[in-house]
Structures are given as C-alpha cells and as structure tokens.
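The next block holds one structure in the form of structure tokens; read it before the comments.
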Amino acid sequence: MDDAEQALELNVRNRLYDAVNESPGLHFRELQRRTGIAVGSLQYHLDFLERVHLVRKVREGKFTRYYSVRGEQLGEGQRVMSLIRQDSIRRIVLFLLHPRPRQANNLEISRGIGLSPSTVSWHLQKMLEANLALKEQRGREAFFSLANPVQVAQLLVQHRKSFLDELVDNFAEVWQQI
Amino acid sequence: MPESIVHPWDALREVSDVAAQNDAFTRFLVLLLSAAILFIAVKAYQKNKSERLKFVTLAFALFAVKWGLKVLDLFVSPGNFFNDASENVFELLILGSLFTALFRKE
C-alpha cells in the first residue's frame, strides 16, 4: 500500500479528498462548510493530503484553492489521448518521438510523415493549444517538440485503434487531402 | 401483323425492369448506407472540428434526409409526396455543400 492509499484509509480524509475531487478549486472555508470538519482538523488533513501529493493548493488573491492532483493528471491524459486518436496527430507524435524525442520544423515533419505542410501546421496548432507540443522560435524558423515525451509514449502504448476509429480517420483524411 | 420497332435502349429494358421491381429494397439499402456514412462523418467532425468536414457532414445529412423522404414516399403517395422537383432541390443543396467544403480553408 503506497502513501496515498494509506492516507485515504482514514474516513474523514477520504471524505475530504472526495469533496476536492468532485469540486476542484474549492477554497478552505467552502471545503469546511461542505465537509463539516473542524477548522484545525481540516487544515491538518489538507496539509497531509498535500504532503502525499494527492492535493495541490493554489493561492489566488486572498483565497487558497485546492485541486486533486490525480484528477488533473487524468484530465490532461484524456485530452492528450483524444488527440492521439487522430491518425495525423499520432503520426506527428511518432515522428517527434522516434527513434528518440527530438525537435523538428514544419517542413521536416511534413516530409517525414507525408502530409502537406499546411495540414501539419494545422495539427501542430491543435497540439500546441492542448500543451501536447512545445514551440521554439529560432530566427525565422519554428521548431516543435513534445511537451512530455514520457507521458505521450505511455499513452501511445495504451492506445488501441478500434475499427470505428479507423473508419473515422480514413473518412477525415480523404476529405482533408482533397 | 404490325412490324415491331426496335429501339437502341431496348437492351436495357430487362435491367430497368429488375431495378423497378426492387426499388423499395434499394431505397432502404441506400438509406441505411447513407445513415452509416452520416454517423462516420459526424464522428470525424467531432474529432477534427474541421470547417471542411462540417460541410461534408452537412452534405451527407441532406443526403440521408433525402433518402429518408424517398423511403417515406413509398408509403405515403409514391412520386407525389416527394417528387422530382423536391429531389432536385436536395441535389442542389448537397452539391452546394460539397462544393463549399472543397473551397473551405481550415
């Protein structure tokens, strides 16, 4: 049993963690109101959950808000996964990942995966917006790399393309290449 | 005895007779296929959020609606409820959507 699981064995802490998970970003007083835990005890358990990396606190003005670390990782993973399900983006990701994580400009990626530079540019934009890729400007050229190659590699292993995924990708590809 | 006149299109008569006999079945089949393609188009649009795919999806939606009406037409009043003129409007809109999709920039 790891620290996180151990931390949640206690009923009051489990209840507190559920409240943070259900409504990420609640501030201290609101958490106190919802859980009914006494102020001192609430502070102690929140500090404990933060120490075992289950909860993260963010100071915003006079409020301190609490977020679930696992919830954030899950949300991020799902966003990245939904992009990886797209065939063209998966090809770009594989190009930037294989044989080792690297940087490449639009033209290199376009030649490497056989898509037009405008299509690659469009997909790279989506990857940048989702924080899946990073952009580095060198003079007049922009170079792209994966923001978190290890996480992406793990998600690629999890990804299994279904028959419907294949159909949808083929359909989109045919119409986008015209 | 009157002399029978042979037209060049007589050779196709048998084929068109078979098509007419199976018209209802063909309409159902086209409707099913168009609904399947529409489903894939909607999925592709949701996944890619591309402007081009939006118009392609619209074209397939119109196509499916048209064939839905053609199937309905079999039961209501064949040829009157959904006549050639209405069908032409659908064709125009479908082609218009596809044409727009072709010129749409992402």
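All values below were derived from every heavy atom in this structure, side-chain atoms included, with hydrogens, water molecules and symmetry-related copies excluded. Below, chain A is the first sequence line, B the second, and so on; all start at residue 1. No experiment lies behind these values; they were computed from the predicted model shown.
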| message | With clusters defined by side-chain heavy atoms of hydrophobic residues (ILVMFWY) lying less than 4.5 Å apart, directly or transitively, does B/L58 cluster with B/L92? | response | no
| message | On a heavy-atom basis, which atom in A/V168 and which in B/A44 lie closest, and how many Å separate them? | response | CG1-CA, 3.4 Å
| said: Would a single hydrophobic cluster contain both A/V39 and A/Y17, if residues Ile, Leu, Val, Met, Phe, Trp and Tyr are joined by side-chain heavy-atom contacts under 4.5 Å? | reply: yes
| More than 12 non-hydrogen atoms from neighbouring residues, nucleotides or ligands closer than 6.0 Å to CD on A/Q137, yes or no? | yes
| field | Heavy atoms of other groups near B/K43 NZ, more than 12 under 6.0 Å | value | no
| request: Nearest 0.5 Å please: distance from the CZ atom of A/F171 over to the CZ atom of B/F39. | output: 12.5 Å
| task | Please say whether more than 12 non-hydrogen atoms of neighbouring residues, nucleotides or ligands are located less than 6.0 Å from CZ in A/R29. | result | no
| query | Side chain, backbone, both or neither: which part of B/A41 has an atom under 4.5 Å from a heavy atom of chain A? | reply | both
| Where on B/F103 is there a heavy atom nearer than 4.5 Å to chain A: the side chain, the backbone, both, or neither? | neither
| note | Correct closest heavy-atom pair for B/I40 and A/L167 would be CD1-CD1, 3.8 Å
| task | Can you measure from OG (B/S50) to NE2 (A/H123) and round to the nearest 0.5 angstrom? | result | 9.0 Å
| Inter-residue atom distance A/W175.CH2 - B/T57.OG1, 0.5 Å rounding | 10.0 Å
| Among the clusters formed by ILVMFWY side chains lying less than 4.5 Å apart, do A/V150 and A/I92 turn up in the same one? | no
